[in-house]
There are 2 protein chains.
Amino acid sequence: MAARAKVLRATAEILIQEGIGAVSIEAVARRSGVAKTTIYRHFGGLDGLVFAAAAASVSEPDGPDTGSLAGDLREIQRQYLDIASSSINREVFAWMLTRAMSGPEAAAMFRKERVQPRGPTVVALQRAIARGELPPTTNIELAMHVIQGPLISKRIIDDSELTSDEFEALLQMTVHALTGNVGAPREPSRGRRSRN
Amino acid sequence: MAARAKVLRATAEILIQEGIGAVSIEAVARRSGVAKTTIYRHFGGLDGLVFAAAAASVSEPDGPDTGSLAGDLREIQRQYLDIASSSINREVFAWMLTRAMSGPEAAAMFRKERVQPRGPTVVALQRAIARGELPPTTNIELAMHVIQGPLISKRIIDDSELTSDEFEALLQMTVHALTGNVGAPREPSRGRRSRN
DNA sequence: CAATTACGACACGGTACGTTGCGTTATTCC
DNA sequence: GGAATAACGCAACGTACCGTGTCGTAATTG
């Protein structure tokens with residue numbers, strides 16, 4: 001039973017220290033001291049192994065309730081950026097993406113062990129609808145993409161940092177897209193220029 | 001001299017018929033009848049080969065001038081969706097993404113042979129600014145992500161189709177995010193429900 | 001204690017990698 | 001036309017990882 005944990009730990013170590021490209025069944029077997037056979041028995045193959053290792057190291061962020069959509073999204077996006085700021089996470093995400101596109105099995109794993117958790121955002125949107133901040137006709141699926149899309153584009157594809165001002169501008173644009181109005185401003189008193 | 005063309009053609013064929021996973025130097029060598037050595041001499045390796053093949057098969061869409069930002073974006077996005085509707089393109093895109101993240105050389109290729117051309121969108125934005133439709137302070141880089149992001153999220157990650165209504169809603173939200181107002185409506189006379 | 005289960009060790013054939021040395025054509029340039 | 005130069009083909013090399021199979025041993029369980 002300990003073999004499984006050893007394998008997952010070794011996988012995570014290689015992932016962090018050498019990148020996704022260095023993760024192979026044989027490398028993990030060497031590092032963990034577990035026989036290759038055992039890894040195949042547990043995870044079925046490289047895909048299963050990486051997806052399992054990723055799932056084991058992802059913690060679902062909590063959904064804040066600040067009273068406004070803009071406030072909620074600001075907090076959620078900030079947490080997301082913290083996760084996405086790790087290049088390993090982006091690497092693994094991109095890797096999963098390619099695997100997901102080359103077969104239904106991996107695609108199923110990808111959707112199951114989703115890297116970017118949707119939960120908190122959906123909750124925030126539903127609260128905004130309940131408050132009347134968003135129309136009840138809001139297409140939540142579409143809204144998710146409007147919210148996540150720009151950040152994914154910026155961080156994953158461009159691989160560039162986001163300044164505090166850009167972050168806020170993006171947030172305002174997003175809220176604007178959803179509501180048609182400007183969202184609640186960042187509380188001006190404590191001059192926290194949250195990041196960068 | 002003809003060897004290069006034969007290699008690129010063979011690569012594209014394998015790409016289309018068997019997917020990115022089947023593309024290997026040896027497979028391309030077999031199929032093209034060109035020696036492995038020659039491929040290495042020309043393209044340096046698998047990365048160079050795939051990037052070159054992708055670049056050779058991408059045609060820059062033209063930037064329409066409909067007189068309004070919403071109109072321009074509608075046309076550009078439509079063209080983009082046509083390209084992205086091919087699962088091979090998405091596969092290759094995702095593959096390039098992973099390669100780009102595991103080394104500066106591939107990253108440089110990725111940014112050079114960009115799959116989604118930015119040109120037309122940038123032009124459309126600049127025209128909108130010139131028209132006064134967008135403020136001159138508009139951050140074009142950020143705007144690009146607001147425009148591309150949701151579509152990338154929807155098509156690449158979700159792998160789901162976009163209905164005509166969703167497409168239009170997304171467009172309106174995007175324009176809304178950029179301008180703060182509703183963009184020009186789709187001309188109502190010819191009831192074209194463009195796709196799906 | 002016996003039976004099942006989990007694991008380790010070793011080996012196999014197969015594929016692709018990236019590189020090398022050496023012939024064999026084409027081009028190009030007087 | 002003939003020589004020099006570049007482009008290409010061929011065969012083989014060692015390395016790495018794949019996925020699978022077999023067998024022996026350790027741990028667990030009833």
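We name chains A, B, ... by the order of the sequence lines, and we start the count at 1 in each one.
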Heavy-atom side-chain proximity of B:Tyr80 to B:Ile152 below 4.5 angstrom: yes
Given atom [atom1] of [X] and atom [atom2] of [N], what is their separation to the nearest angstrom?
| X | N | atom1 | atom2 | result |
| --- | --- | --- | --- | --- |
| B:Asp47 | C:dG18 | CG | C1' | 13 Å |
| A:Tyr40 | D:dC17 | OH | P | 11 Å |
| A:Lys6 | C:dA6 | NZ | C1' | 12 Å |
| B:Leu46 | C:dC17 | CG | P | 6 Å |
| B:Ile39 | D:dG9 | CD1 | C1' | 12 Å |
| B:Arg41 | D:dG9 | CZ | C1' | 8 Å |

Quick test of your reading: applying side chain to side chain donor-acceptor pair (under 3.5 Å), list the pairs with at least one residue in residues 8-19 of chain B, sequence neighbours left out, ordered by first then second residue. B:Glu13-B:Arg31, B:Gln17-B:Arg31
Indicate yes or no for a side-chain donor-acceptor contact from B:Thr66 to the backbone of B:Ser68 under 3.5 Å, with no hydrogens or angles considered. yes
Of all heavy-atom pairs linking B:Ala177 and B:Val146, the shortest is CB-CG1, 4.1 Å
A:Phe110 vs A:Phe93 aromatic rings, parallel, tilted or perpendicular, using cut-offs 30° and 60°? tilted
May I ask you to list the residues of residues 21-38 of chain B, by number, that have any heavy atom positioned under 4.0 Å from an atom of DNA chain C? B:Ser24, B:Ile25, B:Glu26, B:Arg30, B:Lys36, B:Thr37
Salt bridge or not for B:Glu168 and B:Arg74, using N-O below 4.0 Å? yes
Looking only at side-chain N and O atoms, does A:His42 come under 4.0 Å of OP1 or OP2 in C:dC7? yes
